[in-house]
Visitor: 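So that we are looking at the same thing, I have put the structure below in structure tokens.
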Amino acid sequence: MEAILQYVLTGLSVGSVYAMIALGFYVMWSAAKAVNFTYGDVFMLGGVLTVVLVEMGLPLLLAGGGALAIAALAGAVIERVFVRPFNREANAIGWMLTTIAVGIMLESFTTITYGPLGRPLQTPFVEQPIRIGGSGIYPQELILPVALVIVTFALEGFYRRTVLGRAMRAVAFNRVAAGLVGIDADRITLLAFALAGAIGALAGFLIAPVIQASSSMGVVVGLKGFMVAIIAGIANARGVVIVGVVYGVMEKMIEGYLSTAARDAIGFTIMILALLIFPQGLFGRREVQKV
Amino acid sequence: MNASASPILFVSDLRVSYGRIEAVRGVTLTVNKGEFIGVIGSNGAGKTSMLRAIAGVLRPAGGSVAFEGADTTGAKSHQMVARGLAMVPEGRMVFADQTVRDNLVLGAYSRVASDPKGVEEDIEKTLDLFPRLKERIAQQAGTLSGGEQQMLAIARGLLSRPRLLVIDELSLGLAPKILDMLFPVLTDLNRQGLSILLVEQMASYALAVTHRTYVMENGRVLFDGASADLAGDDRVLDAYLGRRGKH
């Protein structure tokens, strides 16, 4: 019984990371009908840059804020330079290639400058684990689901209640119509990628104290976040969040009851099966036909 | 309209291509201030492509567009809106997942942050033109009927405070009863000083409300003239008003 509680709690934590990454993919896809496959590395930047800024002497929150700002800027630059020019025609896929390539370059560059090893990020919430029966969980890990809930509701509020958010939905719904009411769809798309960059970096910043910040921390997480988004149906924010959290918990269950080695093999198998049965995603609409 | 009237829109030798297919092959067209201009022609004549190039949705392949005396060739649609040209697109394109009110607010996108009060007043004024929208103000736009969506698309266009309103296929998919309601609204707006460029497949409606009409075929203007004259012109009667028996 205690083991299950442990799996659920750590699962919620890692699932919140997947959910936030998937949410970022949702934000980008909505605006551009393209995504940024460097996104796992933008997530990585959130952790790594915080560590670097802390080592330079900045207080933790300021360092985290700085990392978020830089990641947002990186998201915008990636959109402008590596997505937009390769997404001009309908059904263009050039952006896939460019963003995958840039992601690898980002990771290599980080490995060269920051080093290949992970570095710890000290916060008050990883000093003492909370004991649950035989094992424990760090308070830091419990911050992640809380952050996910806040980000989800904040994002929904932004989309529904602010003019900029409504404009972003208008661009998502119909780019031509958005232009015809005076919305600069290109600018809105740039902002969407910046917003996604900040969300991804926030996840990286929050998980770094638990897993250590390394140049390679983003690769698999980015891929899983993307798969979560696709399985959920990338055009549904709530679905994306639910699937992300559930996938995290499921992973921890597999880890606990079978083995860590079995985790990704079984996890990805389930993802593929889900996609086979629900080609539009569990919560999806027919996105392709709409375009 | 006399020769000394100043043009609000002057389109010269406009060309639009999709790859190697030329949809518009050198159209020249003028809308003078205060005019209500119609463009008729059969399906595929290049009318929509021409409008899209004027409104900045498409980049023209050649020729020029001048709005209020300034060259706007190749300007983007959001820039044209800022300059005072609004387009009501074919198929309405209302934001179906947002409420009627939010659609209207987005119509005033460029000034809603700086002048929320003025936008509120404009929304009220615009709703007076279309009382049906007032009843549905909190509904999702996607739940409106086709006619109501067309009203919303026009209202949304008006909220950018345009000096030229460009409308693509007003009648598409709408019942005559709705059209009998929509066209008088346009006539009123025109009488209040709004210049209108209307592309319309239902030639009889367009000829009845506009001052002048251009007839387009195969990407070119075949001829143009006062709408009242064209309504009695043999070429128009045969091709667009469905008169039979004479060839």
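In the text below, chain A, chain B and the rest are named by the order of the sequence lines, each starting its count at 1. Because the structure is a prediction, the values reported are computed rather than measured.
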Visitor: Given heavy-atom pairs under 4.5 angstrom as the criterion, report whether the side chain, backbone, both or neither of R92(B) touches chain A.
Guide: neither

Visitor: Does the side chain of M20(A) reach to within under 4.5 Å of the side chain of V221(A), using non-hydrogen atoms?
Guide: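 Of all side-chain heavy-atom pairs linking V221(A) with M20(A), none is under 4.5 Å.
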
Visitor: Does NZ or CZ of R156(B) lie under 6.0 Å from the centre of the six-membered ring of F95(B), at an angle within 45° of the ring axis?
Guide: yes

Visitor: For V88(B), is it the side chain, the backbone, both or neither that has a heavy atom under 4.5 Å from a heavy atom of chain A?
Guide: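 When you check distances to chain A, no heavy atom of V88(B) falls under 4.5 Å.
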
Visitor: Side chains of E90(B) and T48(B): donor-acceptor distance under 3.5 Å anywhere?
Guide: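 Side chains of E90(B) and T48(B): pair found under 3.5 Å.
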
Visitor: Tell me, for A153(B) versus chain A, whether the close heavy atoms (under 4.5 Å) come from the side chain, the backbone, both or neither.
Guide: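 A153(B) has no heavy atom closer than 4.5 Å to chain A.
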
Visitor: Taking every heavy-atom pair that is under 4.5 Å apart, which of P162(B), G107(B), A86(B), G157(B) has the most such pairs with chain A?
Guide: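 The residue among P162(B), G107(B), A86(B), G157(B) with the greatest pair count is G107(B).
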
Visitor: Taking S160(B), S110(B), A96(B), G56(B) one by one, which has the highest count of heavy-atom pairs under 4.5 Å against chain A?
Guide: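 Going by pairs under 4.5 Å, I would pick A96(B).
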
Visitor: Is it true that Y18(B) and S49(B) share a donor-acceptor pair across their side chains at a distance under 3.5 Å?
Guide: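 Yes.
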
Visitor: Using 30° and 60° as the class limits, which term best fits the ring planes of Y39(A) and F25(A): parallel, tilted or perpendicular?
Guide: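 Because their plane-to-plane angle is over 60°, the rings of Y39(A) and F25(A) count as perpendicular.
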
Visitor: With chain B as the partner, which of V163(A), D186(A), D184(A), L164(A) has the greatest number of non-hydrogen pairs under 4.5 Å?
Guide: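 Most pairs with chain B among the choices: D184(A).
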
Visitor: Would you check if Y109(B) and L159(B) make a side-chain contact, meaning some heavy-atom pair closer than 4.5 Å?
Guide: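 No. Closest side-chain heavy atoms not under 4.5 Å.
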
Visitor: Report the option among A185(A), A170(A), A178(A) that has the most heavy-atom pairs separated by less than 4.5 Å from atoms of chain B.
Guide: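 Ranked by heavy-atom pairs under 4.5 Å with chain B, first place is A170(A).
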
